[in-house]
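The structure under discussion appears below in the form of structure tokens.
Just so it is clear, the values below take in all heavy atoms, side chains as well, and ignore hydrogens, waters and symmetry mates.
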Amino acid sequence: MVWTGTWVSDRLGIELAGDDELRGLLGLALRRNPKRAHLLVSGVLGKHVPQLPSVVHGHGVTLGRRVRALLGPEEAARAVVLGYAETATALGHAVADGLETAPYLHSTRRPVASVPSAGGFEESHSHATSHLLLPEDPAFFDRGGEAGRGPLVLVDDEFSTGNTVLNTLRDLHARHPRDHYVIVALVDMRAPGDAGRLAAFAEETGARVDVVAHARGTVRLPEDVLARGLRLVEEQDGRTADPLVPCAPAVAPVRLELGWPAGLPDGGRHGFTPDHRARLREALPAMAARIVDGLGGPEQAGRVLVLGFEELMYAPLVLARALEEAGLDVRFSTTTRSPVLAVDDPGYAIRTRLAFPAHDDPADGPGERYAYNVAGGGFDTVLAVVDSAADTPALHAPGGLLAQLATAAPRVALAVVPAHTPVPRTPDRQEPPVLPAPLRGPDFSSYEPDDVGWLLQDLSAVRLEAPVEEREEAVQRGGAHYAESLPVEYQPTEEYQELYRDALAGSVARIARAVGTVTELVLAERSPRPVLVSLARAGTPVGVLMRRWARHRHGTELPHYAVSIVRGRGIDANALRWLAAHHDPADVVFVDGWTGKGAITRELADALAGFPGFDPEIAVLADPGSCVRTYGTREDFLIPSACLNSTVSGLISRTVLRDDLVGPHDYHGAKFYRELSGSDVSRDFVAAVEARFDEVADAVDQQVKEAASADRAPTWEGWAAVERISEEQGIHDVNLVKPGVGETTRVLLRRVPWKILARRGAGADLAHIRLLAEQRGVPVEERDDLPYTCVGLIHPRYTRGATGADGKAVGSA
């Protein structure tokens with residue numbers, strides 16, 4: 001391989017000296033700039049040289065992890081990261097990714113009248129010298145908590161003379177002094193004298209200054225290199241002149257809709273927080289899938305270049321990374337303001353260039369912009385990614401960027417990211433705390449991390465359990481709500497566990513058919529890329545299985561979250577806000593295990609009245625109550641996940657809503673019962689059902705076909721039956737009547753049962769019900785007129801005296 005600095009080195013005598021990796025990281029080119037003759041061209045930055053997205057992002061993440069190791073976890077948690085426009089905006093983002101917890105800001109050359117500057121500095125050797133710092137949050141640089149301001153991490157692609165860094169340090173230290181600075185670069189190319197100036201700043205201010213780089217070295221320049229370089233550029237310009245030539249693409253570019261999450265900033269121009277990072281990561285698979293579909297699949301897309309736009313580097317980079325992970329042959333680079341000589345020689349770093357007018361109405365006036373090494377790169381498709389401020393007529397005009405790209409590749413596509421409009425924060429404007437990212441296994445739940453994200457707060461350390469009798473007495477007397485405490489987790493006997501295993505073996509194929517049917521109906525009728533939101537906890541195993549079906553049958557990775565809904569209190573409003581901020585509410589599909597009388601269905605519809613865009617219809621595995629139109633079956637059969645509590649639901653408790661534990665900006669709570677891991681069958685249950693997916697695929701297709709032409713409108717016959725039973729039994733409270741196998745199981749496990757009504761002749765589906773009823777001394781009455789397989793009745797006039805000393809229920813008073 002010829003080093004891509006050979007051409008310049010041979011003609012001007014410029015040399016790189018230092019670490020062995022330098023030539024692998026850097027090539028050389030000549031600037032059209034009277035201030036500096038040469039340009040160090042990084043092969044791993046993704047600016048001038050198309051590169052694998054994983055390589056570009058990986059170098060920055062590695063640097064961020066080194067900074068984290070240098071600082072230690074506590075100081076890393078207090079740090080802020082600042083990157084330099086335009087070349088290092090994505091590198092700074094990636095360093096912040098490696099640090100994991102740090103907010104990020106990059107300098108910009110795009111002023112915003114509504115956002116006051118938090119600082120600025122000059123980059124003396126640049127073609128565009130002035131940098132602005134425009135954080136949306138004026139307290140951005142003051143992060144650090146009670147211990148004071150945390151470390152500031154400054155990120156640039158190269159650390160050459162150190163002038164830019166020193167200008168930044170002096171400006172920011174005067175405004176926001178701190179004790180620790182970390183300078184990060186791909187390469188540290190300072191001469192010995194330049195290194196001394198940074199040490200002098202540290203001595204002068206008393207601050208510690210560290211430098212972290214992938215490689216170190218120096219550039220050896222002949223004394224007359226600037227004059228000789230300018231002459232060489234003029235000489236080559238006469239041979240390779242490429243004036244702006246109006247041209248129009250033969251075929252109009254394909255415009256791709258990303259589905260960018262509402263309210264998510266397009267990058268760090270005004271600040272990018274860890275929550276923003278988590279939101280973007282959640283949304284990337286769906287956005288990548290839209291791109292792949294829009295390009296007609298991997299084969300039609302061919303070799304792809306994702307081309308970012310000047311400062312907008314990170315969003316295109318991570319989109320390219322997601323496409324790479326999806327199996328596309330993809331490279332990444334961006335357009336630039338930098339005027340660089342192009343020479344088509346393997347020993348020169350910039351082989352080709354496309355020139356076009358600026359298309360974002362820049363504050364410093366019109367001018368040429370460039371895309372290097374795109375022409376001749378062998379790309380079948382170029383996907384240009386710009387922000388909405390740059391999606392102007394100039395972008396689409398003859399001679400504009402899209403037209404120039406059409407001369408370099410057979411196919412051009414365009415994706416537009418909404419430009420973030422900052423809302424300045426003032427001291428008297430109190431911002432609600434940022435909602436945390438979802439909890440995931442193995443830290444919270446025994447499910448795989450990708451199976452479900454829990455929009456809950458972890459209350460595992462809080463004692464919440466109370467004896468069933470105490471809870472029931474408090475609830476029925478009106479002194480407490482059932483969601484304010486937890487029942488003691490039922491520990492199944494070996495006999496009961498054997499019943500669970502038998503039930504699973506006997507119904508697993510039926511469950512797999514129902515999972516497939518409800519998932520296919522959701523995909524066909526609700527959204528091609530639904531966001532599954534299960535109602536914790538009964539809905540969660542179903543949501544996990546629906547996600548697995550979509551992946552198994554269609555290769556589609558669906559997002560899946562679990563949220564809390566509480567009868568009489570509604571759904572977790574903060575969880576809804578998080579979902580609305582991260583996903584299109586129209587794509588959200590709420591999932592539950594089964595319907596009884598439809599109380600939760602009605603509760604959800606009422607709760608969503610204040611959250612426009614969400615569809616209140618629940619998708620369920622079984623709908624014996626005829627309360628919804630999206631279901632896998634309307635049979636009332638035993639769903640084995642209803643037989644157990646947390647041990648079949650990721651070891652997560654019921655959800656908790658109590659004023660002293662859940663504040664106005666908190667998610668509802670739940671506990672993770674790690675101590676029950678020896679009895680956990682959550683993954684086994686999912687694996688057993690998933691193993692039957694291929695077996696039931698034809699039956700699912702037939703059921704979906706029949707469902708498409710059937711009248712599936714809810715009849716609410718279950719609610720009518722519950723009202724009738726409530727009056728017949730003298731209960732006069734529908735909340736104490738729990739219809740269906742699943743609800744009856746809950747009554748026996750978590751409430752004080754009075755009696756069980758069972759459809760005469762029901763067999764294996766009721767074996768576990770009969771065993772639990774026998775263990776608790778609860779009578780089972782056979783009935784011929786039940787629309788359900790069984791109905792559980794909670795004791796209607798409960799006091800402590802309603803159970804004897806042995807804990808068994810007695811007749812009602």
Report the C-alpha separation of Arg149 and Asp179 in whole Å, then their side-chain angles, then the decisive distance to 0.1 Å, and conclude whether the salt bridge (Lys or Arg N to Asp or Glu O under 4.0 Å) test is met. CA-CA 8 Å; Arg149 297 185 182 109; Asp179 297 330; over 6 Å; no

Steps toward side-chain contact (heavy atoms from CB on, under 4.5 Å) verdict (His38, Val219): CA-CA 10 Å; His38 69 285; Val219 182; 4.0 Å; yes

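Tyr181 is linked by a ring-ring contact (aromatic ring centres under 6.0 Å, His included) to His173, counting only residues two or more places apart in sequence or in another chain. Annotation: side chain to side chain donor-acceptor pair (under 3.5 Å) contacts of His176 (sequence neighbours excluded): Asp142. The ring-ring contact (aromatic ring centres under 6.0 Å, His included) check on His359 picks up Phe309, with sequence neighbours excluded. Every residue meeting the side chain to side chain contact (heavy atoms under 4.5 Å, CB included) condition with Ala215, not counting sequence neighbours, appears here in chain and number order: Asp19, Glu21, Leu22, Leu25, Val187.
Pairs passing the salt bridge (Lys or Arg N to Asp or Glu O under 4.0 Å) check and including a residue from residues 88-97, sequence neighbours excluded, read Asp97-Arg277.
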Mind listing the side-chain donor-acceptor pairs of residues 340-349 below 3.5 Å, one per line with the distance, residues two or more places apart or on another chain?
{"residue": "Asp344", "atom": "OD1", "partner": "Arg351", "partner atom": "NE", "Å": "3.0"}
{"residue": "Asp344", "atom": "OD1", "partner": "Arg351", "partner atom": "NH2", "Å": "2.9"}
{"residue": "Asp345", "atom": "OD1", "partner": "Gly347", "partner atom": "N", "Å": "2.7"}
{"residue": "Tyr348", "atom": "OH", "partner": "Leu30", "partner atom": "N", "Å": "2.8"}
{"residue": "Tyr348", "atom": "OH", "partner": "Leu341", "partner atom": "O", "Å": "2.8"}

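Not one N or O on the side chain of Asp188 forms a donor-acceptor pair closer than 3.5 Å with the backbone of Arg216.
Using a 4.0 Å cut-off between charged side-chain N and carboxylate O, Arg231 and Glu235 make no salt bridge.
For Lys47 and Thr334, the side-chain atoms include at least one donor-acceptor pair closer than 3.5 Å.
Each of His276, His270, His93 was checked for a ring pair (Phe, Tyr, Trp, His ring centres under 6.0 Å) with Tyr104, and the lone residue meeting it is His93.
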